[in-house]
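Here is the structure we will look at, set down as structure tokens.
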Amino acid sequence: MLKLYNTLTHKKEPFEPRESGKVRMYVCGITAYDECHLGHARAAVVFDVVYRYLKFLKYDVTYIRNFTDVDDKIIKKSADTGQSCEAITAKYIQSYQEQMTRLRVLAPTEEPRATQHIKEMVGLIERLIANGLAYASGSDVFFEVRKFRGYGKLSHKKIDDLESGARVEIDEKKKDPLDFALWKGAKPGEPEWDSPWGKGRPGWHIECSAMSMKYLGERFDIHGGGRDLMFPHHENEMAQSEGVTGKAPFAKYWLHNGFVNINAEKMSKSIGNIRSMPAILAQWDPEIVRYFLLSNHYASPLDFTDESMTNAREALRRFYETLNRFYQTPDGAETPALPLAETEKVFQTSLDDDFNTAALVGGLFDQIRILNKFLDEGRRPTAAAKKELVAGLQRISAVVAIFDADPAEFLQKQKDQGIQKLALSEKQINDFITERKQARLAKNWQRSDEIRDTLASHNVVLKDNPDGTTGWEIKIA
RNA sequence: GGCGGCGUAGCCAAGUGGUAAGGCGACGGUCUGCAAAACCGUUAUGCACCGGUUCAAAUCCGGUCGCCGCCUCCA
């Protein structure tokens, strides 16, 4: 039985979709004005696992993740660079999709864009005005927060507390400082659309109401996004959506993923420690990044450091090293006593418990130890045993999308990437190995060890195999 | 100031009432010419601290301290 932590109720609840067998899910995507970063990747990967797990549970899932392609930041970037807003958003949307593909994030059912739903937004705003929850002021339209009963129920805030926070900007066009824009009158040089209130553009929150309702209906099951979106974005989105329909809850379950920190510090533009995905994926294998992102419960903070990434890499290397050994061992007549079925049970129990991906890793490494021991004893697995292991891993991977690479390819890829960071070429390494082999045959241990130390100082670690060959791998700390 | 979260070994991290998974690292051993990898063993008599409930608590309750997030655009 799947249980999930619902921000709205503040409790872990059994998951019961509104319509049996079907799940409708909406997740806030990116504002396309810059390269996506690790935080975007975390949200995408986390909800990708949610999506995949719901499908694994045989739900018919409709998953919507939007692109915000009209926004102050985009307009500013356009003004700063001279590029059109369309060119900017097209560029970063494409880049986002490329990065997500590399991270094995499945494409959602639809990826609607705000600018393609202006008409729907205008329709919602008109209904809000008709319902007495919004008012036009000049060429702007605002949502009147105090008219909506229940404002603050998602982020668990009281209107009066917010008011005293006093960080809300004063705008003489608003009746109340907390009121937020549904529609903004056009300023020269900005993108604009026709509306009953004159030319203008939508406020930030209304787009998600419009797109979620269009694709999922007036009420749906799961709404996700980063913690920071809880307030004000999701609070406002919920208020205006329920304000339009008069039906609650707008989304039954609200899920919020935690932040990524960089060396224990919040990742932010002002600190200047943003890690863009193109940069990260140039350095780390996507599977390592994905493993890292899933090595922690989705709602907890996650600290990106050299050490945490090295740990992730080493864990996967160990995993694939063993698998590679296992698969390459000639077929025999024995079946290792792998508790695969049990692992799969643990896997499902873990994910059932609020998508706890961190808990499932342990079980997998138990198998690794068992496999290594089996092989260390010189035993040979049957072809069927090999196939069964592959199949089992694929069943798990269908949800987490890690642990199912071809082991030899994974290791080779790590090596290939590593070589580029070395001061040595592959040929130089092989020449050293050849020379060392001669030295070893001559029992010239001094020269042999000298060569090994030299290579080690270049982060190349040698491994003498029982058959006389010497393998090597790159170990950068 | 308001609201929320967290504090488990050197580091990362599961575990929400039944006696501390797993990964990285370290140390000892087996293997090896020596290493590396792998395997075996050791590495938290204790889960921030103090009280309480219970036959039993990392897990529930109360308090203390510390860290963090949100309240402003942000995944």
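Predicted, not measured: the structure shown is a model, and the values here were computed from it. Order of the sequence lines fixes the chain letters, A, B, ..., with proteins taken first and strands second; residue numbering starts at 1 for each chain.
Distance noted for atom C1' between B/G5 and B/U16: 16 Å (whole Å). Between the C1' atoms of B/A44 and B/G7, the separation comes to 15 Å (whole Å). Taking atom C1' in both B/U32 and B/C39, one finds a spacing of 14 Å when rounded to whole Å. Here the separation of B/G25 from B/G15, taken at their C1' atoms, is 22 Å to the nearest Å. Comparing the same atom, P, in B/G23 and in B/U43 gives a spacing of 15 Å after rounding to whole Å. When the C1' atom is used for both B/C67 and B/A75, the distance is 22 Å, rounded to whole Å. Across the P atoms, B/C11 and B/G18 are found 27 Å apart, a figure rounded to whole Å. Atom C1' of B/C12 sits at a distance of 14 Å from the matching atom of B/A21, rounded to the whole Å.
Of the residues in residues 443-457 of chain A, those with a non-hydrogen atom less than 4.0 angstrom from any atom of RNA chain B are A/W445, A/S448, A/D449, A/R452.
Comparing B/A75, B/C71, B/G22 by their nearest atom to the side chain of A/L162 picks out B/C71. Looking at the side chain of A/V461, the nearest of the listed nucleotides B/A36, B/A75, B/C70 is B/A36. Taking only side-chain atoms of A/D353, from C-beta outward, the nucleotide of B/U16, B/C71, B/A75 with the closest atom is B/U16. Closest approach to the A/D464 side chain among B/A13, B/C11, B/A35 is made by B/A35 (side chain taken as heavy atoms from C-beta onward). In the set B/A14, B/C39, B/A75, B/A75 carries the atom at the smallest distance from any side-chain atom of A/F259. Ranking B/G23, B/A14, B/A75 by closeness to the A/F365 side chain, first place goes to B/G23. Considering only side-chain atoms of A/K73, the nucleotide from B/C73, B/C74, B/G22 that sits closest is B/C73. Ranking B/A37, B/A75, B/C74 by closeness to the A/W204 side chain, first place goes to B/C74. Of the listed nucleotides (B/A14, B/A75, B/G33), B/G33 has the atom at the smallest distance from the side chain of A/R436. Closest to the A/A358 side chain, of the nucleotides B/A13, B/C40, B/G23, is B/A13.
No option in A/K3, A/K12, A/H297 other than A/H297 meets the side chain to side chain donor-acceptor pair (under 3.5 Å) test with A/D354. Just one of A/D176, A/D179, A/L162 meets the side-chain contact (heavy atoms from CB on, under 4.5 Å) condition when paired with A/V145; it is A/D179. When A/R325, A/E321, A/Q367 are each tested for a side-chain contact (heavy atoms from CB on, under 4.5 Å) with A/N372, only one passes: A/R325.
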Original post:
Using Watson-Crick and G-U wobble pairs with both distances under 3.5 Å, what is the 5'-to-3' dot-bracket string of RNA chain B, with [ ] for crossing pairs and | for pairs outside the strand?
Top reply: ((((((((.[[[..)..(...]]]((((((.......))))))....[[[[[..)....]]]]])))))))....

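At a threshold of 4.0 angstrom between heavy atoms, the contacts of A/M267 include nucleobase atoms, whether or not backbone atoms are also involved. Across all strands shown, A/G39 has heavy atoms under 4.0 Å from base atoms, whether or not it also approaches the sugar-phosphate. Residue contacts shown for A/L462 include a base, since a base heavy atom lies under 4.0 Å away. Residue contacts shown for A/D72 are absent, as no nucleic acid heavy atom lies under 4.0 Å away. A/N356 comes within 4.0 angstrom of sugar-phosphate atoms only, judged by non-hydrogen atoms across all strands, and of no base. Here A/G258 lies in heavy-atom contact (under 4.0 Å) with a base. In this structure, A/V260 reaches the bases: a heavy-atom distance under 4.0 Å links it to at least one base atom across the strands shown.
A/H233 and A/H205 have tilted rings, their planes meeting at an angle from 30° to 60° on a 0 to 90° scale. By the 30° and 60° cut-offs, the orientation of the rings of A/Y51 relative to A/Y63 is tilted.
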**OP:** Please report the C-alpha distance between A/E473 and A/K475 in whole Å, then the side-chain angles of each, then the deciding distance to 0.1 Å, and finally whether the salt bridge (Lys or Arg N to Asp or Glu O under 4.0 Å) criterion is met.
**Re:** CA-CA 6 Å; A/E473 62 184 55; A/K475 275 269 169 72; 3.5 Å; yes

**OP:** May I have the step-by-step check of salt bridge (Lys or Arg N to Asp or Glu O under 4.0 Å) for A/K157 and A/E235, ending in yes or no?
**Re:** CA-CA 10 Å; A/K157 296 181 187 306; A/E235 189 71 57; over 6 Å; no

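Put simply, A/R313 has no side-chain N or O that comes within less than 4.0 Å of OP1 or OP2 on B/G23. Side-chain N/O atoms of A/N465 include none lying less than 4.0 angstrom from OP1 or OP2 on B/U32.
Here the C1' atom of nucleotide B/A37 and the CD1 atom of A/I368 are 14 Å apart, to the nearest Å. Nucleotide B/G23 holds its C1' atom 13 Å from the CD1 atom of A/I402, rounded to whole Å. Distance, A/W472 CH2 to B/A36 P: 19 Å, rounded to whole Å. In this structure, A/D366 atom CG and B/C39 atom P are separated by 12 Å, rounded to whole Å.
Annotation: side chain of A/F403 is in contact with side chain of A/Y291 (closest heavy-atom distance under 4.5 Å).
At least one donor-acceptor pair closer than 3.5 Å links the side chain of A/D352 to the backbone N or O of A/M1. Without hydrogens or angle criteria, A/T349 side chain to A/K345 main chain gives a donor-acceptor distance under 3.5 Å. Distance alone, capped at 3.5 Å, is enough to place a donor-acceptor pair between the A/Y320 side chain and the A/A405 backbone.
Of all heavy-atom pairs spanning A/L2 and A/Y53, the tightest one is CD1-CE2, 4.2 Å.
In this structure, the separation between CD on A/E190 and CD1 on A/I74 is 12.0 Å, given to the nearest 0.5 Å. Within the model, atoms OH of A/Y33 and NZ of A/K77 stand 8.0 Å from one another, a figure rounded to the nearest 0.5 Å.
Residue A/R318 places no side-chain atom within donor-acceptor reach of the base of B/G23, judged by atom type and a 3.5 Å distance cut-off alone. Evaluation of atom-type donor-acceptor distances gives no pair under 3.5 Å for the side chain of A/H297 against the base of B/A13.
A cation-pi arrangement, defined by a distance under 6.0 Å to the six-membered ring centre and an angle within 45 degrees of its axis, is absent between A/K11 and A/Y5.
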Original post:
In the 5'-to-3' direction, what one-character label does each nucleotide of nucleotides 3-10 of chain B receive under the scheme B = base within less than 4.0 Å of a protein heavy atom, S = sugar-phosphate only, - = no such atom?
Top reply: SSS-----

